[in-house]
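Atoms considered below: every heavy atom in the structure, side chains included; atoms not considered: hydrogens, waters and symmetry mates. Each chain gets a letter, A, B and so on, in the order the sequences are listed, and its residues count up from 1. These numbers come from a predicted model, not from an experiment.
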Amino acid sequence: MPEFQTSPGMRDVLPPESARWRRFVRTFDETVSAAGYGQVVPPLLEDIGVFHRVGEATDVVTKEMYDFVDKGERHVALRPEQTASVCRAFVQHRPATPWKVWYAGPNFRYEKPQRGRYRQFDQVGIEVLGPDDPYLDVEVIALGWRFFRTLGLGQVTLMVNSLGEPADRTAFVAALREYFEANIDRLTPESRVTLSKNPLRVLDSKRPADADVIASAPRIADFHSETARASFAAVLDGLRALDIPFVVNERLVRGLDYYRLTTFEYVGGTLDSAQNALGGGGRYDGLVEDLGGPATPGVGFAIGLDRTLLACDDEGVFAAHEQGVDVFVVDTTGGLHALTVTDQLRAAGISADRAFENRSMKSQMKAADRSGASVAVIIGSDEAAAGTAVVRPLRDGGEQTSIPRTELITTLRKVLS
RNA sequence: GUGGGCGUAGCUCAGUCGGUUAGAGCGUCAGGUUGUGGCCCUGAAGGCCGGGGGUUCGAAUCCCCUCGUUCACCCCA
């Protein structure tokens with residue numbers, strides 16, 4: 001074991017996986033850019049107060065933040081998510097609404113690491129601030145859905161729910177608390193602790209012993225106001241109109257406190273895994289106001305990059321693949337010709353690599369093969385003296401030819417096309 | 001944060017009733033004659049057996065601690 005390794009829950013992303021990450025973000029960019037979303041790049045570090053507004057009762061804020069006091073005595077935190085940052089940016093810059101933005105980048109949560117759960121983890125997401133329209137919720141959900149489809153994922157389940165308007169939610173939470181307290185002896189000790197902090201979250205318990213009590217708990221739908229009911233119906237109608245399959249899950253409560261009305265989650269195919277939530281989001285109409293801005297409705301989602309790629313692996317789609325070069329230059333005369341020829345090729349837009357340390361012909365040819373290049377350009381002492389180069393196809397047979405160096409680029413363009 | 005599994009070469013893993021110089025495959029490097037890759041053959045390099053302590057004549061192997069990882073709870077993406 002080396003003396004220094006990555007900190008727990010942090011890791012290096014190496015080729016070719018790193019290229020897959022870039023393609024992932026590029027694919028997301030293309031999906032949402034086509035719907036009029038622009039990229040916002042918020043800082044990794046914010047005043048800790050920005051995140052406190054996300055939810056005083058959530059573990060994300062109370063236990064898992066990477067926070068510290070900086071040299072200027074400011075209490076700051078590495079962002080645990082980006083929705084709060086986007087809303088803070090909105091309040092600070094007051095762009096015209098509807099403000100449709102997307103983001104991609106790392107977030108930090110001090111949790112015990114697990115497969116698909118890291119302390120530094122990347123998310124992509126979108127947020128729309130301004131419009132209060134259930135069809136916007138549908139657009140947002142549909143863009144996430146389209147993204148998964150573009151990646152090639154076929155086993156994603158969309159779960160939707162509505163938490164109702166704030167008053168509905170408050171009434172529901174009160175009813176829940178009353179119900180669970182009346183049945184507290186049937187709850188697991190862990191759920192009793194959860195109950196004292198946030199009764200909603202008890203619904204999310206995955207412990208089998210809690211299943212019975214939860215099954216007969218009050219139902220959120222019974223507390224929906226007329227407005228909430230109409231909004232939720234419009235969302236479901238919109239999803240049907242787009243032929244997006246969904247499952248209404250009344251126990252879907254989500255982890256952050258700011259959600260109201262529509263909430264949704266994309267669940268991966270491997271349902272036996274505890275880390276099967278690929279992404280999720282919802283409407284958060286109070287967050288901008290909480291951050292000191294004008295009352296502004298908002299809706300959005302975040303998708304976990306790691307988990308989604310794990311789901312891709314499970315389904316055998318969106319695989320990583322090695323990136324090669326077009327041409328590999330072999331030079332057995334010391335390497336100066338390889339230096340100038342690769343430079344010349346790159347300038348002409350032909351990707352090229354070479355070997356170093358003046359290795360043997362055999363060794364350099366092996367390297368050429370491994371490089372993935374479809375053509376080798378070989379320069380030995382004869383070619384160097386004659387001002388020529390050998391062009392040797394590496395993949396699909398074909399004879400090698402000796403040509404003047406001046407014709408190298410035109411010849412290669414022909415061979416590569 | 002709580003509980004269980006695991007931790008041996010760069011990678012994937014053998015090896016434990018404790019017993020001489022710790023193995024394989026893949027990968028890397030070098031050869032297999034005269035300047036040419038993929039297949040094959042030969043050889044080489046590469047391990048404080050995660051770290052520390054203990055038991056023992058002797059520990060990769062047993063015990064304790066610790067770190068890391070993984071699974072479940074929790075949390076959530």
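At a threshold of 4.0 angstrom between heavy atoms, the contacts of A:Gly380 include nucleobase atoms, whether or not backbone atoms are also involved. Using a 4.0 Å heavy-atom criterion, one finds that A:Arg395 contacts the bases of the nucleic acid, with or without backbone contacts as well. Within the 4.0 angstrom heavy-atom criterion, only backbone atoms of the sugar-phosphate kind lie near A:Ser205; the bases stay farther away. At a threshold of 4.0 angstrom between heavy atoms, the contacts of A:Ile303 with the nucleic acid are absent. Residue-level contact check: A:Gln120 touches neither bases nor backbone, having no heavy atom under 4.0 Å from any strand. In this structure, A:Gly125 reaches neither bases nor backbone, as no heavy-atom distance under 4.0 Å exists between it and the strands shown. Contact annotation for A:Lys366: backbone-only contact, meaning every heavy-atom pair under 4.0 Å involves sugar-phosphate atoms and none involves a base. Residue-level contact check: A:Gly9 touches the backbone only, with heavy atoms under 4.0 Å from sugar-phosphate atoms and none from bases. Using a 4.0 Å heavy-atom criterion, one finds that A:Gln400 contacts the bases of the nucleic acid, with or without backbone contacts as well. Across all strands, A:Tyr118 comes closer than 4.0 Å to base atoms (heavy-atom distances).
Nearest nucleotide to the side chain of A:Arg115, out of B:rU70, B:rC76, B:rU36: B:rU70. Out of B:rG1, B:rA30, B:rA77, the shortest distance to the side chain of A:Ser363 is found at B:rA30. Comparing B:rC29, B:rC73, B:rG37 against the side chain of A:Glu190 picks out B:rC73 as the nearest.
Using P as the reference atom, B:rA60 and B:rG50 are 10 Å apart when rounded to the nearest Å. B:rC62 and B:rG18 have their P atoms separated by 8 Å, with the value rounded to a whole Å. Spacing of C1' atoms, B:rG23 relative to B:rA14, comes out at 7 Å, to the nearest Å. Comparing the C1' positions of B:rG54 and B:rA45 gives an interatomic distance of 36 Å, to the nearest angstrom. Separation of the P atoms belonging to B:rA9 and B:rU61 is 14 Å when rounded to the nearest angstrom. Distance noted for atom C1' between B:rG27 and B:rC11: 7 Å (whole Å). Rounded to the nearest Å, the gap between the C1' atom of B:rC29 and that of B:rC65 is 41 Å. For the C1' atoms, the distance from B:rU20 to B:rG25 is 27 Å, rounded to whole Å.
Annotation: A:Tyr66 is not in aromatic contact with A:Phe68 [ring centroid separation under 6.0 Å not met]. A distance below 6.0 Å separates the ring centres of A:Phe147 and A:Phe24.
Relative to the six-membered ring of A:Phe318, A:Arg20 misses at least one condition, a distance below 6.0 Å or an angle of at most 45° to the axis. Within the cation-pi definition used here (under 6.0 Å to the ring centroid, within 45° of the axis), A:Arg169 does not qualify as a partner of A:Phe223.
Put simply, A:Arg207 has a side-chain N or O that comes within less than 4.0 Å of OP1 or OP2 on B:rC74. Checking the phosphate oxygens (OP1, OP2) of B:rA72, a side-chain nitrogen or oxygen of A:Gln114 falls inside 4.0 Å. A:Arg201 has a side-chain polar atom (N or O) that falls below the 4.0 Å cut-off from OP1 or OP2 of B:rC76. In terms of phosphate contacts, A:Arg370 brings a side-chain nitrogen or oxygen within less than 4.0 Å of OP1 or OP2 of B:rC29.
In this entry the distance linking CG of A:Asp306 with P of B:rU70 reads 11 Å, nearest Å. To the nearest angstrom, P of B:rC76 lies 16 Å from CZ of A:Phe51. Atoms CE (A:Met361) and C1' (B:rU36) sit 5 Å apart, rounded to a whole Å. Here B:rC29 presents its C1' atom at 16 Å from CG of A:Asn358, a figure rounded to the nearest Å.
Figure legend. B:rG1 is base-paired to B:rC73; pairs are counted as Watson-Crick or G-U wobble with both atom distances under 3.5 Å. Nucleotide B:rG68 has B:rC6 as its partner under the Watson-Crick or G-U criteria, with both atom distances under 3.5 Å. Both distances falling under 3.5 Å, in either a Watson-Crick or a G-U wobble arrangement, place B:rA24 opposite B:rU12. Nucleotide B:rG43 forms a pair with B:rC29, judged by Watson-Crick or G-U wobble geometry with both contacts under 3.5 Å.
The nearest heavy atom of RNA chain B to A:Lys362 and to A:Asp382 marks one nucleotide each, and the one closer to the 5' end goes with A:Lys362.
Looking at A:Val329 and A:Asp353, their side chains never come closer than 4.5 Å, going by heavy atoms from C-beta outward.
For the residue pair A:Ser85/A:Glu46, the side-chain donor-acceptor check at 3.5 Å is satisfied.
Taking the six-membered ring where the residue is Trp, A:Phe90 and A:Trp99 present tilted rings, their angle falling between 30° and 60°.
A:Arg359 contributes no side-chain N or O that, together with a main-chain N or O of A:Gln364, makes up a donor-acceptor pair within less than 3.5 Å.
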